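Everything quoted here is computed from the prediction, not taken from an experiment.
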Amino acid sequence: MSDYRTVASDIVAKALALGATDAECTVSAGTEFSANVRLREIDQLKEAGSRGAGVRVLIGRRTGSATTSDLTREGLDRMVRAALDNAGVTTDDPFAGLPTECGSLDADLALYSPEVAALSAAWKIEQARVAEETALSADPRIANSEGASFDTYLSERAFANSRGFVGGYRSSSCSMSVVPVAKDGDKMERDYWYTIARTPARLDPAVEVGKRAAARVVRRLGSRKPPTRKAPVVFEPRVARSLLANLFEAVSGDSIYRQSSFLNGRLGERVASERVTVFDDPTIPGLFGSYPFDDEGVSARKKIVVENGVLRTYLHNTYTAKKLETVTTGNAGRGLAGNAYVDHGNFYLSAGELTPEKIISQTGDGLYVTELLGQGVNIVNGDYSRGAAGLWIENGELAYPVSEITIAGNLAQMFREIDAIGNDLVFQGSIAAPTIRIGEMTVSGT
């Protein structure tokens, strides 16, 4: 890692020496492994590595960037000169610039586990085999599979800029998934389950992954369409987090300065049920949205985005903050080069006190959503319409599977009508939510 930090610092120094007034550089490297098993046989094995560098330079308020996978001195020199050439032909942007305050969180975020690197290929293949075999053996109606996989990823990242910041960190991940296919008569259904963690010790056992996937696919058999009506809608955690992704897009500084968000101009106002508190927190150890500094070298920090239903902050990088005459919230994301975008850390809805079973039992009649389809979300005005599948709730119990339905509403109203939040918050990625219930949506079936 120290070598990559040195490379990044040297690239910044080279850019300044050649005429840049400011510069920032990212260097990254990664290795990935994937073992795929289908119908008890190895279907595919893949191992790959990559590394590269990217630089962004400023000449006054003009910016240019370039990337390379050639980390020799000659390759890096060509990259810097290409970025300067690009800056020379761009126009001034009055909001271009680097952050005024840089830093890194001084804490162990447990982003890297050497145990991931030590896993043998044979062990990874066996985990995928066990997960699929467990699913295939769980029910005679499960006669097919789209496969199971075990994947690992190891990466290093270093960043430096001309404001004196140099930092870097390593990260690791491992995951396992299985996708069984069940058949009843001439009808087939598929579903999946997965587990993901920074370290193997935090993965669910392969047997448990297979059992969960099997139970999910079998309960989808015999699905039908409910009648079109307005009804309460319960989102299981796996799909509830998509609503948090919609909320993130709505509070992103990119959407706000472009005036393309239904939450534009709503700071300090109630935008959701008082039950709703949403955090953006990249400082939680071991999670996938955690980082010591963002991709502009700004120290990670926890933010309350929505507090008891009141919108407290938008999320910014340096550029969007300047556009809106405020300060960055440390939410810059970036590839190897180019301008930063607004990204999130661990973006999550705070858990409630009710169990999922209690929420269902209190629902009466309604829809329990386990899958969402399509992209029918308009962040500009909040209109929401997506295909869905799940289970119909009758008299507070899961009664029968439903599919080929549409749920519709408006995000502004949906967040205000969240009337129950579960206690089952689990992070399986950088966006997370527990079970939630929205008091009323339009469910279109037959």
Side-chain angles (χ1 to χ4, degrees), residues 34-46 124-151 175-196 203-226 233-243 245 356 367-377 385-393 398-407 426 428-429 431 433 435 443-446:
S34 180
N36 293 276
V37 172
R38 183 173 181 271
L39 297 178
R40 303 179 175 91
E41 300 291 336
I42 297 175
D43 187 51
Q44 185 181 45
L45 292 177
K46 180 178 73 173
K124 299 173 193 178
I125 294 168
E126 182 62 18
Q127 297 308 297
R129 284 188 190 277
V130 170
E132 188 193 44
E133 179 61 38
T134 301
L136 289 171
S137 303
D139 191 288
R141 291 168 292 181
I142 302 176
N144 205 344
S145 164
E146 293 185 5
S149 68
F150 194 100
D151 301 272
S175 63
M176 176 173 31
S177 64
V178 61
V179 189
V181 178
K183 184 175 182 180
D184 187 15
D186 60 351
K187 298 289 184 66
M188 289 192 297
E189 298 284 353
R190 63 179 289 282
D191 211 316
Y192 70 95
W193 194 250
Y194 73 101
T195 179
I196 184 169
L203 289 176
D204 294 336
V207 169
E208 180 63 23
V209 174
K211 286 181 178 179
R212 291 287 296 271
R216 292 180 67 89
V217 72
V218 167
R219 74 181 184 181
R220 294 183 64 150
L221 293 171
S223 64
R224 47 181 140 151
K225 293 183 179 181
V233 176
V234 180
F235 291 77
E236 73 161 1
R238 199 174 77 177
V239 292
R241 63 173 175 256
S242 71
L243 296 178
L367 174 65
Y368 181 70
V369 180
T370 61
E371 184 179 23
L372 290 169
L373 306 168
Q375 305 295 323
V377 183
S385 179
R386 297 192 65 181
L391 299 154
W392 194 255
I393 304 168
L398 299 177
Y400 56 86
V402 293
S403 62
E404 298 180 8
I405 58 177
T406 300
I407 56 174
V426 177
Q428 290 184 301
I431 297 181
T435 297
V443 180
S444 299
T446 56

Taking atom CD1 of Ile142 and atom OG of Ser137, what is their separation to the nearest 0.5 Å?
9.0 Å
Show the numbers, then the answer: is there a side chain to side chain contact (heavy atoms under 4.5 Å, CB included) between Asp43 and Val37?
CA-CA 5 Å; Asp43 187 51; Val37 172; 6.0 Å; no
Verdict with reasoning, Leu45 to Ile125, per side chain to side chain contact (heavy atoms under 4.5 Å, CB included)
CA-CA 9 Å; Leu45 292 177; Ile125 294 168; 3.8 Å; yes
Distance (rounded to the nearest 0.5 Å) between Thr134 OG1 and Arg212 CZ
14.0 Å
To the closest 0.5 Å, what do you measure between CG (Asp184) and CZ (Arg141)?
6.0 Å
Nearest heavy-atom neighbours spanning Ala135 and Pro180
CB-CB, 4.2 Å
Audit row: Asn144, Arg38, side chain to side chain contact (heavy atoms under 4.5 Å, CB included) steps and yes/no
CA-CA 9 Å; Asn144 205 344; Arg38 183 173 181 271; 3.2 Å; yes
List the steps and the verdict of side chain to side chain contact (heavy atoms under 4.5 Å, CB included) for Leu221 and Lys187.
CA-CA 8 Å; Leu221 293 171; Lys187 298 289 184 66; 5.6 Å; no
If you compare all heavy atoms of Val217 against all heavy atoms of Glu189, which two are closest, and at what distance to 0.1 Å?
CG2-O, 3.3 Å
Taking the side chain as every heavy atom from C-beta outward, state whether Phe235 and Thr435 have any atom pair closer than 4.5 Å.
no
Is there a donor-acceptor contact under 3.5 Å from the side chain of Arg386 to the main chain of Gly374?
yes
About how many Å separate CZ of Arg220 and CD of Glu371, when rounded to the nearest 0.5 Å?
4.5 Å
Can a donor-acceptor pair be found, under 3.5 Å and without considering hydrogens, that links the side chain of Glu132 to the backbone of Leu39?
yes
Partner set under side chain to side chain donor-acceptor pair (under 3.5 Å) for Arg219, not counting sequence neighbours
none
With sequence neighbours left out, the residues meeting side-chain contact (heavy atoms from CB on, under 4.5 Å) with Ala388 are Val369, Leu372, Ile405, Ile407
So which heavy atom on Arg216 is nearest to which on Glu236, and how close?
NH2-OE2, 2.6 Å
Assess Arg238 against Tyr194: is NZ or CZ under 6.0 Å from the centre of the six-membered ring, and within 45 degrees of the ring's axis?
no
Indicate the atoms forming the closest heavy-atom contact of Ala206 with Met176, along with that distance.
CB-SD, 3.6 Å
What's the shortest heavy-atom distance between Ala213 and Val178, and which atoms?
CB-CG1, 3.4 Å
Between Pro226 and Tyr400, which heavy-atom pair has the shortest distance, and what is it?
CB-OH, 4.5 Å
Quick check against the 3.5 Å criterion: does Arg129 have a side-chain atom that pairs as donor or acceptor with the backbone of Arg40?
yes
Could you check Val443, Ile393, Val234, Leu391 and say which one makes a side-chain contact (heavy atoms from CB on, under 4.5 Å) with Leu367?
Val443
With a sphere of 6.0 Å drawn around NZ of Lys124, does it hold more than 12 non-hydrogen atoms of other residues, nucleotides or ligands?
yes
